[in-house]
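Everything below concerns the one structure shown next.
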Amino acid sequence: MNEIVIQKKIKVIDKNKYRLLILGILFDLIGMLSFTIPLIGEFSDVIWAPIAALLLKTMYKGKIGTIGGIIAFVEEALPGLDFIPTFTLTWVYTYLLKNK
């Protein structure tokens with residue numbers, strides 16, 4: 001006889017996706033710390049810019065990581081742009097906008 005198979009749709013939660021979001025928010029906050037210490041903060045951006053670029057490139061592979069790393073480096077290296085949450089915006093692009 002014919003059997004009817006009913007399958008439940010199981011929503012799989014990608015834990016790595018949310019781990020990247022938490023790390024991205026944390027790294028964006030670290031990048032914004034230079035606003036709290038005038039003059040010294042801008043010097044810290046010289047150190048943080050290449051670190052942020054490497055972190056973003058490591059977190060997101062391929063073209064997104066490369067372009068994001070370049071943007072993170074420029075954003076951190078130029079004074080006054082620290083308010084841009086590059087890591088979080090990369091996550092939003094990767095997991096919310098890119099799939100649509």
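Positions are given from 1 along the sequence.
Interatomic distance, I51 CD1 to L56 CG, rounded to the nearest 0.5 Å: 13.5 Å. Between atom CH2 of residue W48 and atom CZ of residue F43 there is a gap of 15.5 Å, rounded to the nearest 0.5 Å. With rounding to the nearest 0.5 Å, the separation of CE in M59 from OG1 in T94 is 9.5 Å.
Residues K98 and I64 come closest through the heavy atom pair NZ-CD1, 3.5 Å.
A continuous path of ILVMFWY side-chain contacts below 4.5 Å connects L55 to I47, so both sit in one hydrophobic cluster.
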Identify every side-chain donor-acceptor pair in residues 19-27 under 3.5 Å, counting partners at least two apart or on other chains, and give the distances.
| residue | atom | partner | partner atom | Å |
| --- | --- | --- | --- | --- |
| R19 | NE | N16 | OD1 | 3.4 |
| R19 | NH2 | N16 | OD1 | 2.9 |

Can you give each donor-acceptor pair under 3.5 Å made by side-chain atoms of residues 65-80, sequence neighbours left out, with the distance rounded to 0.1 Å?
| residue | atom | partner | partner atom | Å |
| --- | --- | --- | --- | --- |
| T66 | OG1 | K57 | NZ | 3.2 |
| T66 | OG1 | G62 | O | 3.1 |
| E75 | OE1 | T86 | OG1 | 2.7 |

inquiry  = K17 vs W91, test: side-chain contact (heavy atoms from CB on, under 4.5 Å). Steps then yes/no.
reply    = CA-CA 8 Å; K17 173 170 116 171; W91 186 89; 3.7 Å; yes
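Panel note: side chain D28, backbone F87; a donor-acceptor pair is recorded below 3.5 Å.
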